[in-house]
Amino acid sequence: MGREDLEQVFRSAYPHVVAVAARVLGARDEAEDIAQEVFLAFARSSVPAGEAPGWLSVAAAHTALNHLRSSRRRASREERAEQATQEEDVADTIVRRDERRRVRVALARLPRRQAVALVLRHSGLSYAEIAAALELSPGSVGTTVRRAESALREELNRHASSG
């Protein structure tokens, strides 16, 4: 844990790392757990500080997607979402929660690189930042994101029809 730059990188990147994880998980407390995990990995790594933001974003997306795939966590997350929204219209809440769950399940089924590119794009990273983080050519990021979006739609449609 002897990184001299850890505190500075942590201060500048923590909010974004939490935001990326929250995009995937939809739960801030779990996103903060993911961020801690990611920063511990960063502390043990030899990633140069200049590459830290991209590395941390990708690590946050990967780690959050891994957590998304464990159904035990998904069940407890849905219970918390249910408790948090009881004062709203029940039908609206159930529909919205079901949609979010379906999107997260579909996202977890996408090829990993597509899922990560999609999460990073929707977390506000530019094509250039995504290209650097995923070691893609800048010209292929748009294609990767579009393919991911269409694969996500296909997943959602396939599972909507099989109900």
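In this chain, numbering begins with 1 at the start of the sequence shown.
- The structure places CZ of Arg101 at 12.0 Å from CD1 of Ile94, a figure rounded to the nearest 0.5 Å.
- Salt bridge annotation for Arg96-Glu99: absent, with no cationic side-chain nitrogen under 4.0 angstrom from a carboxylate oxygen.
- With values rounded to the nearest 0.5 angstrom, Leu40 atom CG is found 11.0 Å from Ser45 atom OG.
- The minimum heavy-atom distance between Asn66 and Arg112, with the atom names listed, is OD1-NH2, 2.8 Å.
- Using cut-offs of 30° and 60° on the angle between ring planes, the pair Phe39 and Phe10 is perpendicular.
- Under 3.5 Å, the side chains of Ser140 and Thr143 contain no donor-acceptor pair of N or O atoms.
- Sorted by first then second residue, the salt bridge (charged side-chain N to carboxylate O under 4.0 Å, His left out) pairs that include residues 124-138, not counting sequence neighbours, number zero.
- Smallest separation of non-hydrogen atoms from Ile34 and Ala60: CG2-O, 3.9 Å.
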Exercise for the section: Report the C-alpha separation of Val95 and Asp92 in whole Å, then their side-chain angles, then the decisive distance to 0.1 Å, and conclude whether the side-chain contact (heavy atoms from CB on, under 4.5 Å) test is met. Expected result: CA-CA 5 Å; Val95 168; Asp92 287 348; 5.9 Å; no
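- Side-chain atoms of His16 and Ser57 form a donor-acceptor pair, as typed in the model, at a separation below 3.5 Å.
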Handout entry: Test side-chain contact (heavy atoms from CB on, under 4.5 Å) applied to Leu107 and Val119, step by step
Key = CA-CA 9 Å; Leu107 185 65; Val119 168; 4.0 Å; yes
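- When all heavy atoms of Ala106 and Glu155 are compared, the pair lying nearest together is CB-CB, 3.6 Å.
- With rounding to the nearest 0.5 Å, the separation of OH in Tyr127 from OG1 in Thr144 is 9.5 Å.
- Comment: Glu149 does not engage Arg146 in a salt bridge, judged by the lack of any side-chain N to carboxylate O separation of less than 4.0 angstrom.
- Across every non-hydrogen atom of Gly54 and Ala133, the tightest pair is O-CB, 3.7 Å.
- If you take CZ on Arg147 and CD on Gln114, they are separated by 7.5 Å, rounding to the nearest 0.5 Å.
- Using modelled atom types, one side-chain atom of Arg23 and one backbone atom of His122 make a donor-acceptor pair closer than 3.5 Å.
- Put simply, the side chain of Arg113 gets close to the backbone of Leu134: a donor and an acceptor are under 3.5 Å apart.
- Annotation: the span from Leu156 atom CG to Arg153 atom CZ amounts to 9.5 Å, rounded to 0.5 Å.
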Exercise for the section: Assess whether side-chain contact (heavy atoms from CB on, under 4.5 Å) is satisfied between Arg28 and Glu32, documenting all intermediate values. Expected result: CA-CA 6 Å; Arg28 173 134 187 125; Glu32 289 174 349; 3.0 Å; yes
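- Side-chain contact check for Val47 versus Leu56: every heavy-atom pair is 4.5 Å or farther apart.
- Taking NE2 of His67 as the reference point, atom CG of Leu25 lies at 7.5 Å (rounded to 0.5 Å).
- Counting all heavy atoms, side chain and backbone alike, Ala31 lies closest to Val18 at CB-O, 3.5 Å.
- Checking Arg121 against Ser126 by side-chain atom types alone, no donor-acceptor pair falls below 3.5 Å.
- Counting only distance, with no hydrogens or angles, the side chain of Arg104 and the backbone of Val24 share a donor-acceptor pair below 3.5 Å.
- Considering all non-hydrogen atoms of both residues, Val103 and Leu152 come closest at O-CD1, 4.0 Å.
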